[in-house]
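Let me begin by presenting the structure, written as structure tokens, before commenting on it.
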Amino acid sequence: MKTPSLETKDDQKREERVAGFLEGAWNVTCHKLPTAYSLDYWVESKENCYWCEVKCRTFASDKYNTFILSVAKLRKGASYTRSTGIPFIIVYAMTDGLFYHKWDDKHTYDIRMNISPEAKYDDDNEPYVHIPKEMITCITDKPLGLDRNEIGYT
């Protein structure tokens, strides 16, 4: 069975909250990209621009040894960087803060297959890149508050 879009209105609100925080913290504008781009945002200011993927997690940054991202997302962001020269970043909203990773074309990423014991869709099993914590930068150590009731959903 083909995987349906799993992004909900709640997910979109969480991503918008992250984008709003980045706009204030970095003095940038975040533009939501059309789905054809397979990434969440184009982030820009007079000084900097980024291709950006946002990941909202329901756990703290120290729960696992690495931060993960699907290889498909990394490939898409890396291809945009290679073709435009504009950096690709992944922003992680965690329960203990906001973090980011800037794709590094000189780094050999650790890629492992994720096998779900209870796969529901054809695409549930896919390769993931494991990003070492030393390649992650903290934007703020204050959580943004992404629970349903904190973003206006009950």
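The figures here come from the full heavy-atom set of this structure, side chains too, leaving out hydrogens, waters and symmetry mates.
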Could you tell me if the ring centre of Tyr100 sits under 6.0 Å from that of Trp26? yes

Taking all heavy atoms of [X] and all of [Y], pick out the closest pair and write down the distance.
{"X": "Ser61", "Y": "Lys133", "result": "O-NZ, 2.9 Å"}
{"X": "Asn125", "Y": "Ala119", "result": "ND2-CB, 3.9 Å"}
{"X": "Thr84", "Y": "Trp51", "result": "OG1-NE1, 3.1 Å"}
{"X": "Thr81", "Y": "Pro87", "result": "OG1-C, 3.5 Å"}
{"X": "Val43", "Y": "Cys30", "result": "CG2-SG, 3.9 Å"}
{"X": "Pro127", "Y": "Ile111", "result": "CB-CG2, 3.9 Å"}

Spell out, as yes or no, whether a donor-acceptor pair under 3.5 Å connects the side chain of Lys55 to the backbone of Met94.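 Checking the backbone N and O of Met94 against the side chain of Lys55, no donor-acceptor pair under 3.5 Å is found.
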
Could you tell me whether a side-chain N or O of Glu53 sits under 3.5 Å from a main-chain N or O of Val91, the two making a donor and an acceptor?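 Not confirmed, Glu53 side chain does not pair with Val91 backbone.
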
Look at the side-chain heavy atoms of Ile, Leu, Val, Met, Phe, Trp and Tyr, link any pair under 4.5 Å apart, and say whether [X] and [Y] land in one connected group.
{"X": "Tyr128", "Y": "Tyr121", "result": "no"}
{"X": "Ile139", "Y": "Ile89", "result": "yes"}
{"X": "Val129", "Y": "Phe88", "result": "yes"}
{"X": "Phe99", "Y": "Leu74", "result": "yes"}
{"X": "Val28", "Y": "Tyr80", "result": "no"}

Under 3.5 Å, which donor-acceptor pairs do the side chains of residues 31-41 form with other protein atoms, sequence neighbours left out?
from, atom 1, to, atom 2, distance (Å)
His31, NE2, Glu44, OE2, 3.2
Lys32, NZ, Glu15, OE1, 3.2
Lys32, NZ, Asp40, OD1, 3.4
Asp40, OD2, Val54, N, 2.8

Return all side-chain donor-acceptor pairs below 3.5 angstrom for residues 62-72, not counting sequence neighbours, or 'none' if the list is empty.
from, atom 1, to, atom 2, distance (Å)
Thr66, OG1, His130, ND1, 2.9
Ser70, OG, Lys73, N, 3.2

From [atom1] ([X]) to [atom2] ([Y]), nearest 0.5 Å:
{"X": "Trp103", "Y": "Arg75", "atom1": "CH2", "atom2": "CZ", "value": "12.5 Å"}
{"X": "Lys46", "Y": "Asn48", "atom1": "NZ", "atom2": "CG", "value": "13.5 Å"}
{"X": "Cys49", "Y": "Ile86", "atom1": "SG", "atom2": "CD1", "value": "5.0 Å"}
{"X": "Phe21", "Y": "Thr140", "atom1": "CZ", "atom2": "OG1", "value": "4.5 Å"}
{"X": "Asp141", "Y": "Leu98", "atom1": "CG", "atom2": "CG", "value": "11.0 Å"}
{"X": "Thr137", "Y": "Glu134", "atom1": "OG1", "atom2": "CD", "value": "11.5 Å"}

Selection residues 108-118 - residue pairs positive for side chain to side chain donor-acceptor pair (under 3.5 Å), sequence neighbours left out: His101-Tyr109, Asp110-Arg112

Verify side-chain contact (heavy atoms from CB on, under 4.5 Å) between Arg57 and Thr95, making sure each step is shown before the conclusion. CA-CA 7 Å; Arg57 303 292 191 222; Thr95 59; over 6 Å; no

So, Trp42 versus Thr29: side-chain donor-acceptor pair below 3.5 Å or not? no

Could you please spell out the steps behind the salt bridge (Lys or Arg N to Asp or Glu O under 4.0 Å) verdict for Asp11 and Arg14? CA-CA 5 Å; Asp11 295 331; Arg14 288 181 187 94; 3.4 Å; yes

Looking at Asn27, I'd like to know if its CG atom is crowded, meaning that more than 12 non-hydrogen atoms belonging to other residues, nucleotides or ligands lie closer than 6.0 Å.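 Counting neighbours around CG of Asn27, 12 or fewer heavy atoms of other residues, nucleotides or ligands fall under 6.0 Å, so no.
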
